[in-house]
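Only one structure is covered here, and it is reproduced in the block below.
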Amino acid sequence: LISWNIILHMYSKQQCFELVKKFFETMPLHNAISMTIMLMTYSQAGDVEAARFVLDSTKEHNLTLWNAMLIAYIQNGHLSEATKIFSSTLREKDTSSSNTMVTAYAQSGHVDQAQKLFNEMPVRDIVSWTAMLSAYAQVGRLEEAQRIFHSMPKHNSFTWTAMLAAYAQNGQSIKCIEFFHEMGIVESPNDVCFTCVLQSCSHTGDMRRGLPYFLSITLDYAIDCPKKQHFSCMIDLLARGGYLEDAKDLLSFMPFAP
RNA sequence: CAUUAAUGG
């Protein structure tokens, strides 16, 4: 059963919805994990009704399944339904449930509600802190974002990149680039960091600044070649700098992906 | 073996 679930999950990750459905029906047994995978699959396919049906047809509703249902409502524009379940239906919630709601509030522009929930949480993990930091970044409250970054008990690559992104998205290109170097001392940058930095370089309007970063993706770090995000930034950078021909060249050398 | 946080066009 474990192997079937692994395969089911693989299809789901690749968004082969029909295959998932077929494979699910082929499986001799289902457990809570299979059901969660199905629920998430319907959610990503935009079918909340089907997702709800999965939940309702499951005998044992564990918390992970409910959390998945929260996501399904949120992803499909039913935040109020998610809120209702979160605050009334569920008697037991874990940190993931709350983190999900914090993110949902933040993404719908309700930073204050996100903060309120964050404050009320009995336990906060690094995901909660990152979610809160991004919440402030998204509405341009950089000071608050910075404050959160320095208040959190721990850092990982997500927290660093969230802060980088905060600078990048609020036009603080120089801060972003400086911060990138600050980070390099303690944490090895991942592909997302480079996306943020390249974006910032592009915004400074100085293309010579971006090129070294682009090259160091492959040369200095163990990142599996530049991805399409990085090409995207580089093309943007070249085009803005007036090197339209070079941008076209880069496009034609780029390996295509889904 | 399942659910939550970061990134460009």
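Keep in mind it's a predicted model, so treat the numbers as computed, not measured. Protein chains get the first letters and strands the later ones, always in sequence-line order, with residue 1 at the start of each.
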Check for me whether the distance between the ring centres of [X] and [Y] falls short of 6.0 Å.
X	Y	result
F179(A)	W160(A)	yes
W129(A)	F149(A)	no
F24(A)	H30(A)	yes

Just need the stems in RNA chain B: three or more back-to-back Watson-Crick or G-U pairs, each with both distances under 3.5 angstrom, sorted by first number.
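If one scans RNA chain B for consecutive Watson-Crick or G-U pairs, no stem of 3 or more turns up.
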
Between the side chains of R52(A) and E49(A), is the shortest nitrogen-to-carboxylate-oxygen separation below 4.0 Å, so that they form an ion pair?
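A salt bridge is absent here (no side-chain N lies under 4.0 Å from a carboxylate O).
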
Gap between atom CD of Q113(A) and atom OG of S108(A) - 0.5 Å precision
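Spacing of OG (S108(A)) from CD (Q113(A)) equals 7.5 Å.
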
For the pair N170(A) (side chain) and A137(A) (backbone), establish whether a donor and an acceptor sit closer than 3.5 Å, ignoring hydrogens and angles.
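At least one qualifying donor-acceptor pair exists.
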
Any base atoms under 4.0 Å from [X], or only sugar-phosphate, or nothing? Heavy atoms, all strands.
X	result
D125(A)	nothing
D191(A)	nothing
T100(A)	sugar-phosphate

Nearest atoms (heavy-atom pairs only) where H61(A) meets L55(A)
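Looking at all heavy atoms of both residues, the shortest contact is NE2-O, 2.7 Å.
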
Got a sec: does the CD of E143(A) have more than 12 other heavy atoms crowding it under 6.0 Å?
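Counting neighbours around CD of E143(A), 12 or fewer heavy atoms of other residues, nucleotides or ligands fall under 6.0 Å, so no.
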
Going 5' to 3' along RNA chain B, between which two nucleotides do contacts with chain A fall, using a heavy-atom cut-off of 4.0 Å?
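On RNA chain B, the outermost contacted nucleotides are C1(B) to G9(B).
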
